[in-house]
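Presented below is the structure to which this report refers.
No experiment lies behind these values; they were computed from the predicted model shown. Chain A is the first sequence line, chain B the second, and so forth, proteins listed ahead of strands; every chain is numbered from 1.
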Amino acid sequence: MNLLDNLNPEQLAAVTLPNQSALILAGAGSGKTRVLTTRIAWLLQTGQVSPAGIMAVTFTNKAAKEMLTRLSSMLPVNTRGMWIGTFHGLCNRLLRTHHRDAALPQTFQILDSQDQLSMIKRMLKALNVDDEKYPAKDLMYFINNAKDQGMRASSVEAFDQVQRRMVELYDLYDQQCQREGVVDFAELLLRSYELLQRNHPLRQHYQMRFRHILVDEFQDTNDLQYNLLKLLAGHGEGRGGAMFAVGDDDQSIYAFRGANVGNMQAFERDFEVKNLIKLEQNYRSHGHILDSANFLIANNAKRLGKNLRTDAGQGEPVRIYEASSDLEEAQWIIDESKSLMGEGMRRSEIAILYRSNAQSRVIEHALFAAGLPYTVYGGLRYFQRAEVKHAIAYLQLMDNPHNDSAFLRVVNFPTRGIGARSIEQLQMAAESHGVSLYAAVPHIGGKAGGSLANFVKLIEGARFETQQLPLPEMVRVVLERSTLLAHYEKEKEGQERIENLQQMVGAATQFVQEEGFGAHSPAHLGPPSQAAAGEGVVYVDGIELIEADAPLATVMSPLSAFLAHASLEAGDAQAQAGQDAMQLMTVHSAKGLEFDAVFITGLEEGLFPHESSSRELDGVDEERRLMYVAITRARRRLYMSFTQQRMLHGQTRFNVKSRFFEELPEESLKWLTPRVQTKWFGGRKSTTAWDDADFREGGSDNQIAKQITQRSSNANGTGWRIGESVSHARFGEGVIVNIEGGAGSARAQINFGAAGMKVLDLSIAKLERVGT
DNA sequence: TGCTGAGATATTTTT
DNA sequence: TATCTCAGCA
């Protein structure tokens with residue numbers, strides 16, 4: 001079958017573009033990944049480029065893997081020669097290859113965010129920095145932010161005393177990392193950028209090599225990433241390959257971590273992009289769902305402009321439900337889901353989305369009580385589990401003993417009588433000799449020195465013993481010799497931890513196979529000396545280069561590679577053993593996924609859009625894009641819900657419904673609860689769906705009803721009720737949050753959403769009940 | 001050395 | 001409300 005079969009005209013145009021830079025605006029569900037991979041396959045198949053001339057960058061390992069899988073199903077091609085991976089993965093590879101030029105040890109290790117934070121804490125403590133004034137988290141944010149913008153401490157401008165100090169600390173942090181031979185995530189990119197910028201022949205080499213650079217999710221790139229791409233694409237130097245950027249400005253939801261949508265426009269401008277192709281044909285959702293998405297996102301001002309269309313027909317309308325409380329919202333979700341399942345929908349095809357993780361609890365409780373299996377996305381990943389990190393730390397020390405973070409993590413774990421005082425002594429010795437903790441051990445005498453020396457012996461011994469062993473065997477030995485296994489066997493809750501530790505042997509086996517290391521090659525063995533390797537080595541202007549289609553084994557030992565893998569790919573969160581379960585997740589983590597039915601919950605002012613978004617410039621626009629992402633996850637059924645009251649952080653909050661409802665096309669919506677409703681007040685009357693349920697005696701809803709009653713009935717003789725929707729001539733629609741004072745002189749606190757929170761005198765203010 | 005209780009603190013997240 | 005972190009204690 002031909003590669004180009006079944007592509008629509010726009011997709012076809014994108015796939016077969018000439019060798020020039022191009023921007024592909026790919027809407028949700030428009031076949032973005034397909035275009036990207038088919039483009040690569042087409043370039044290869046038509047002989048326009050060899051595998052080594054391809055570089056494809058993604059943000060997540062999952063996306064990279066997906067690309068590789070699809071590609072190898074299209075073409076019988078050796079994917080090893082291509083550079084396909086995440087920004088961080090590819091930079092790791094670059095830095096290993098050129099570690100000398102990058103001034104790094106070949107066995108440099110990668111700090112994940114946890115490691116980075118603890119390293120900063122340690123440094124602040126050692127320097128006696130006031131942690132009230134300079135919280136470790138703030139400093140970490142400051143450092144990462146600077147790095148993401150390509151700035152070293154020396155080029156950061158400081159405008160006050162605090163910032164000046166932060167800059168100093170940034171510099172000290174970098175020095176410490178250098179001493180230990182570790183790099184953080186942002187450093188991987190910054191180092192690579194600086195290396196290429198500084199080293200002309202090297203840069204030229206890669207510019208000539210990568211004829212085609214393809215970038216996925218371009219709207220999520222930060223400034224440093226964009227500059228790195230510019231460098232590789234030879235922008236402004238008259239050479240280099242073509243950049244093929246795929247992105248969707250409407251799905252830019254990561255500004256908070258430095259992503260800059262502006263890079264899309266910048267790319268158009270900088271590269272004088274003549275090929276802008278919009279993929280607007282959606283293959284995922286029914287019409288009413290797409291109409292809702294299009295209507296909503298049209299409220300954003302700064303857009304490149306795009307409108308999704310579908311051939312699938314209008315389908316079902318979007319169903320909207322107003323619940324009386326978060327508890328009742330959860331109950332409604334369960335009822336609806338059950339009826340969907342009754343129609344034959346699989347549980348795993350139903351997703352429940354929320355803006356923030358805190359919202360999942362109530363839903364989980366209800367699902368659990370109803371006996372419905374569910375999976376919550378985003379928990380602790382495999383390589384982030386404490387016991388696994390401990391084992392990794394032992395391996396790290398064997399590969400690079402100067403990694404102080406690893407040293408401190410396990411020097412006394414499992415306990416071996418090395419207390420805080422010994423560590424303090426050691427830290428002082430290390431400081432005064434300007435060496436790592438490991439190297440400072442011989443300077444410590446006495447009993448403390450003895451235990452420390454024993455620890456060093458343990459590491460050295462393990463290294464010696466495993467010298468000739470392949471990686472999985474080495475892991476096995478380390479688990480034993482570190483006494484980690486023995487330690488957890490003694491613990492009562494240790495069984496799961498032991499299983500996780502033992503899984504590491506399997507993880508190592510799999511890794512060695514997948515990365516093409518010889519199954520029996522010793523884990524410690526560094527890359528063959530480059531001259532001896534012969535094959536794969538090229539010289540450019542007298543500089544020795546390893547051709548990057550040489551296997552990974554040429555640039556790092558199995559052990560170093562495995563450790564990098566553990567930091568760069570945290571591993572999946574524990575998967576629910578293949579069970580067909582409903583999917584719970586934040587809207588952010590739903591990006592890139594799709595489901596037959598989607599519930600978007602908690603659509604209330606303050607929650608979604610989130611209250612903190614109004615403080616940021618264009619914050620609400622980003623929330624709207626988030627909503628856009630949420631809507632476009634649904635194939636056939638879309639539900640939205642909001643509640644009158646919700647328990648959050650131990651407090652009951654009364655919220656107005658989200659402004660986003662006003663931005664949806666009325667004809668695509670179906671209000672399950674009356675749009676304009678008469679509400680219960682004063683003790684009796686009720687016409688809405690929920691209060692019938694609330695005050696029903698007995699029945700399965702009784703417990704919930706009771707709680708609702710406790711929370712919402714607030715007889716106070718004013719004729720008004722907390723939680724009631726009202727309307728005011730000037731402030732618009734609002735919800736009563738609180739009522740103070742008696743019948744004659746009562747004042748009500750009312751949340752008018754966008755118009756803010758007001759306190760109004762009930763005898764003066766002209767309030768109208770929303771509805772009749 | 002590990003436990004306990006006070007206190008803070010609570011968008012979103014991948015690498 | 002629930003979870004995490006840190007200081008102080010047996």
query: Mind telling me whether B:dT12 is syn or anti, cutoff 90° either side of 0?
result: anti

field: Non-neighbouring partners of A:D621 that pass side chain to side chain donor-acceptor pair (under 3.5 Å), sequence neighbours left out
entry: A:R624

message: Applying a 4.0 Å non-hydrogen cut-off, can you work out what A:N412 is touching in the nucleic acid: base, sugar-phosphate, or nothing?
response: sugar-phosphate

- request: Provide the start and end nucleotides, 5' to 3', of the part of DNA chain C that has atoms under 4.0 Å from heavy atoms of chain A.
  value: C:dT1 to C:dC6

- prompt: Which residues satisfy the ring-ring contact (aromatic ring centres under 6.0 Å, His included) test with A:H610, sequence neighbours excluded?
  reply: none

- request: Keeping the roles fixed (side chain from A:R625, backbone from A:S252), state whether a donor-acceptor pair exists under 3.5 Å.
  value: yes

field: Pairing residues for A:Y639 by the ring-ring contact (aromatic ring centres under 6.0 Å, His included) criterion, not counting sequence neighbours
entry: A:W332, A:F599

field: Per-nucleotide protein contact string for nucleotides 5-15 of chain B (B base, S sugar-phosphate only, - none; heavy atom under 4.0 Å)
entry: -----BBBBBB

- prompt: What pairs with A:Q510 under side chain to side chain donor-acceptor pair (under 3.5 Å), at least two apart in sequence or on another chain?
  reply: A:E514

query: What pairs of residues pass the side-chain hydrogen bond (donor to acceptor under 3.5 Å, both in side chains) test when at least one of them lies in residues 414-427 of chain A, not counting sequence neighbours?
result: A:Y394-A:R416

- prompt: Which is true for A:K137 with a 4.0 Å heavy-atom rule: it touches a base, it touches only sugar-phosphate, or it touches nothing?
  reply: nothing

query: With sequence neighbours left out, what residues match A:D249 under side chain to side chain donor-acceptor pair (under 3.5 Å)?
result: none

- prompt: Does A:H487 have any ring-ring contact (aromatic ring centres under 6.0 Å, His included) partners at least two apart in sequence or in another chain, and if so, which?
  reply: A:F413

message: What's the gap between B:dT14 and C:dT3 when it is taken at their C1' atoms, as a whole Å value?
response: 23 Å

field: Whole-angstrom distance between C:dT5 and B:dT12, as gauged at atom C1'
entry: 23 Å

